[in-house]
Number of protein chains: 2
Amino acid sequence: MEPNILTGSFQLMKSLNRSVILNTIRKKGGISRADIAKTTKLTPPTVSNLVKELLETEMIIETSLGVSSGGRKPTLLTLNSDMFHVIGLDIGSHHLKIILTDINGRIRKKQIHPIPDSITNEGLLDLMITSIYAIQKNEQIDRNKIIGIGIGMHGIVDVDQGVSVFAPNLKLKNIGIKDALEKEFQMVVQIENDARAMSLGELWFGNGHGDDSIVCINVGRGIGAGIIINGQVFRGEHYISGEIGHMAIDLNGPKCTCGNYGCLQTFASGPAIVESLKKELKLGESSILSNKENEIDGEVIYQAALAGDLLSKNILNKAGRYLGVGVTNLIHTVNPKRIVISGGVSNAKEFILESVKKTIEQRALTDSAKQTEVIISKFGADATVMGAIALILAQLFATPGNT
Amino acid sequence: MEPNILTGSFQLMKSLNRSVILNTIRKKGGISRADIAKTTKLTPPTVSNLVKELLETEMIIETSLGVSSGGRKPTLLTLNSDMFHVIGLDIGSHHLKIILTDINGRIRKKQIHPIPDSITNEGLLDLMITSIYAIQKNEQIDRNKIIGIGIGMHGIVDVDQGVSVFAPNLKLKNIGIKDALEKEFQMVVQIENDARAMSLGELWFGNGHGDDSIVCINVGRGIGAGIIINGQVFRGEHYISGEIGHMAIDLNGPKCTCGNYGCLQTFASGPAIVESLKKELKLGESSILSNKENEIDGEVIYQAALAGDLLSKNILNKAGRYLGVGVTNLIHTVNPKRIVISGGVSNAKEFILESVKKTIEQRALTDSAKQTEVIISKFGADATVMGAIALILAQLFATPGNT
DNA sequence: GTTAATTAAATATAATTATAAACTATAATG
DNA sequence: CATTATAGTTTATAATTATATTTAATTAAC
């Protein structure tokens, strides 16, 4: 069947305006009815009526009176952030991270649970359910004031069905997460690929407020990108948009786990960096890591580089240059306003970011493309779980018609 | 200043519904008021009122009576395609092609003008203006029933300003096309990059009716892609989305005109194919083109391949494989539903398409990605000019709010 | 061939919501 | 303390869609 066509009706008109007002309050935070009318170009009575309704739902509250510039003092309105809460999960390769936030995304509680090796679908679902109960324990929070549960998950995710189709790092397939959690908790549940969740988190909580187009690149065990266009997560036809880890950049390069040669993640992922360094050590390069081959992981290399180890620095720089090639390809394809780099490898920002930028400067076609903003995520290891929160908030504050 | 926020109002409600009805008539072609009400879920009186208005504007007409299935015969409505017309231009490297169509995109007249070498900005604008006058000559068409002029142009185009920022093949910069033509003709003028125009044309007139996500790849002197997401042309932040000709796929590959190495268009563009064949000839490969080095161009190679020349076939196949690598990178980034290949090189479809498909089959990550539809444009050399028409039609039939 | 049922379209009335204009409340200013 | 500026509310009105009813035109059944 055709999807429902969006037609104009009184309900649409009203819900659109209510949403516009709610979002204005969210963005400006502490704004009077009169100012809402000015910025939205709605008339004062319309604003007053809808604000009254929003006050009744307790989504917003009247706070202090503002300062007057000659006339009645404005009554300032803000989101009622103490009332409503959101739960976010980040399902990684070894750990499940869960947070509880208010609707401004301020973290109230954070917990981490290890994920046992060779876990089953049912085991993972059980772990998720118990962790969701656990984080609510001893919290003075009305259960039906929890708006929803957002989940960021690596691998391929069918957002509409709410299924983790393939989670390679856990070796699991077809986990029916949404159905299971909705049945258990009777609230909104939304699951999304980790890089895409991150990118939405970056849009909501990062510097990129608004309707921008941004790309968030998650560089860790693999490399994945989340693409935001006009403020909407872009998923592609089969939920594999942004799978840039397997972008071919050097057809004569090393063999990748996918079977092809020269994929981006054979150069710039965490494992690739470790391999690259080990190989140099075997070739006899001198380094402070020379006799510690078994202890080497990404963090160790980063610390060595910080301590001044030239080989470690060079290896990280090289990874940055390759990442820059991939990023430039993305700029020439998606041409976003801003690119945010996150994930484990982005920890080594001092040694990565500059070489990414230099590579873009060198390779990008036009001056404007060269000036594409490239930053490191400010959320560090919390990027995915904040993105999971953003999934629910994006839905809560969505404008009618913009699915 | 902030862009205007979209708020609900009676005008919006009405114009949304009018647009929904108009588009329903356009898509279904020959549909009764009652059926419109059913498919749109608008009520019959609403439909009747808006249909009355649309009849008054002469945008639609009542045609025959349909067949009854027990009851009054339905009055069928269609677009009044004989009344309104659109002009489309394709500004290529050597020729200006111009067509006049009705609002169903049916071509009424087509003309081609050569573009002199070393033309100036003013010269090109003059040529455009005279060609637009010329195509209207001897046509029984009401001047103010021409809806607009669409222009597809290679290079980088600033759609909002209506300026061709950089047209490398004509060696021109900053041609203020929109302003000049709007001043001369007082009607809607829209200019767009050729690949993006093509992609919109493919969406409107090709197999891909609807709100799909498709990518159209123009393989000629360069390689450019037009990306359509949710039925909207996607341009990127600096109008360079889809510039995949300079996607790095082989960092150790040949040097490109852009200064980098291993760009896609050093392998799969028209000039790259010609160079590649000439090189093989020099190396002594036998071919029916062996002593005709000066006559070789894309068309000659294609004809040779058709005539059974093995070298020509191999060269075209190889280009197809490289193109397939680029296309697979696109699938892993944008993940569209359908990919359409057009431009000069796509003429050699017998020798290109299969190797593109094989490469995707070999390299794509998931089964669903492997099944991405890849077709050759059915418009051939008319792809850009049909896209230019689509630019205007897309605007005419746009839903309010979806800019 | 008359009548009932069905479908299409128009019309009249009601309901919903935004808008405009008038009004009340409150504060700063001189 | 009057004047003026600003915030917010009330009332009346206008622009629409929605609902219910009516008219028209057919087909199908008896």
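Reckoned from all heavy atoms, side chains included, excluding hydrogens, waters and symmetry mates. The chains referred to below are lettered A, B, ... by the order of the sequence lines, with proteins before strands, and numbering in each begins at 1. Being a predicted model, the structure only gives us computed values, none of them experimental.
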Query raised in the report: Any idea which of D:dT9, D:dA18, C:dA8 is nearest the B:Thr43 side chain?
Result: D:dA18
Requested in this report: Starting at atom CG of B:Asp35, determine the distance to atom P of C:dA8, rounded to an integer number of angstrom.
Outcome: 6 Å
Requested in this report: For C:dA9, take OP1 and OP2 only and decide whether either is under 4.0 Å from a side-chain N or O of B:Thr75.
Outcome: yes
Query raised in the report: How would you label the contact of A:Ser32 with the nucleic acid (heavy atoms, under 4.0 Å): base, sugar-phosphate, or nothing?
Result: sugar-phosphate
Report task. Send over the distance from B:Met13 CE to D:dA14 C1', rounded to a whole Å. Result -> 11 Å
Query raised in the report: So, is B:Thr46 close to the D:dT16 phosphate, meaning a side-chain N or O under 4.0 Å from OP1 or OP2?
Result: no
Requested in this report: Could you tell me whether B:Pro44 contacts a base, only the sugar-phosphate backbone, or nothing, with contacts defined as non-hydrogen atoms closer than 4.0 Å?
Outcome: nothing
Query raised in the report: Starting at CD1 of A:Ile36 and ending at P of D:dT6, how long is that distance when rounded to a whole Å?
Result: 18 Å
Report task. Return the orientation label for the B:Phe397 and B:Trp204 ring planes: parallel under 30°, perpendicular over 60°, tilted otherwise. Result -> tilted
Report task. May I have the distance from B:Lys52 (atom NZ) to C:dT11 (atom P), rounded to whole angstrom? Result -> 6 Å
Report summary line: Rounded to whole Å, CD of A:Glu62 lies from C1' of D:dT9 at a distance of 13 Å
Query raised in the report: So does B:Ser48 get a side-chain nitrogen or oxygen closer than 4.0 Å to the phosphate oxygens (OP1/OP2) of C:dA9?
Result: no
Query raised in the report: Do any side-chain nitrogens or oxygens of A:Asn49 fall under 4.0 Å of OP1 or OP2 in C:dA18?
Result: no
Query raised in the report: If only side-chain N and O atoms of A:Arg33 are considered, is one of them under 4.0 Å from the OP1 or OP2 phosphate oxygen of D:dT6?
Result: no
Requested in this report: Run the salt-bridge test on A:Glu202 and A:Lys378 with the 4.0 Å N-O cut-off and return the result as yes or no.
Outcome: no
Query raised in the report: Considering only side-chain heavy atoms of B:Pro45, which listed nucleotide, C:dT11, D:dA7, C:dA8, is closest?
Result: C:dT11
Query raised in the report: Atom CD1 of A:Ile31 to atom P of D:dA7: distance rounded to whole Å?
Result: 11 Å
**Report entry** Gap between atoms CG and P, on A:Leu50 and D:dT9 respectively (whole Å)
**Finding:** 12 Å
Query raised in the report: Looking across every strand, which nucleic acid part, if any, lies under 4.0 Å from B:Thr7 by heavy atom: base, sugar-phosphate, or nothing?
Result: nothing
Query raised in the report: Looking across every strand, which nucleic acid part, if any, lies under 4.0 Å from A:Lys38 by heavy atom: base, sugar-phosphate, or nothing?
Result: sugar-phosphate
Query raised in the report: Do B:Tyr239 and B:Asp160 have side-chain atoms, one donor and one acceptor, less than 3.5 Å apart?
Result: yes
Query raised in the report: Taking all non-hydrogen atoms of both residues, which atom of B:Arg108 and which atom of B:Asp102 are closest, and how far apart?
Result: CG-N, 4.3 Å
Report task. Answer yes or no: is there an ion pair linking A:Glu373 with A:Lys337, defined by an N-O contact shorter than 4.0 Å? Result -> no
Requested in this report: Could you work out which one of D:dT16, C:dA18, C:dA9 sits closest to the side chain of B:Ala34?
Outcome: C:dA9
Query raised in the report: So, is A:Lys73 close to the C:dA28 phosphate, meaning a side-chain N or O under 4.0 Å from OP1 or OP2?
Result: no
Report summary line: Atom CZ of B:Arg72 and atom P of C:dT7 are separated, to the nearest Å, by 15 Å
Query raised in the report: Heavy-atom count around B:Lys109 NZ within 6.0 Å, excluding the residue itself: above 12?
Result: yes
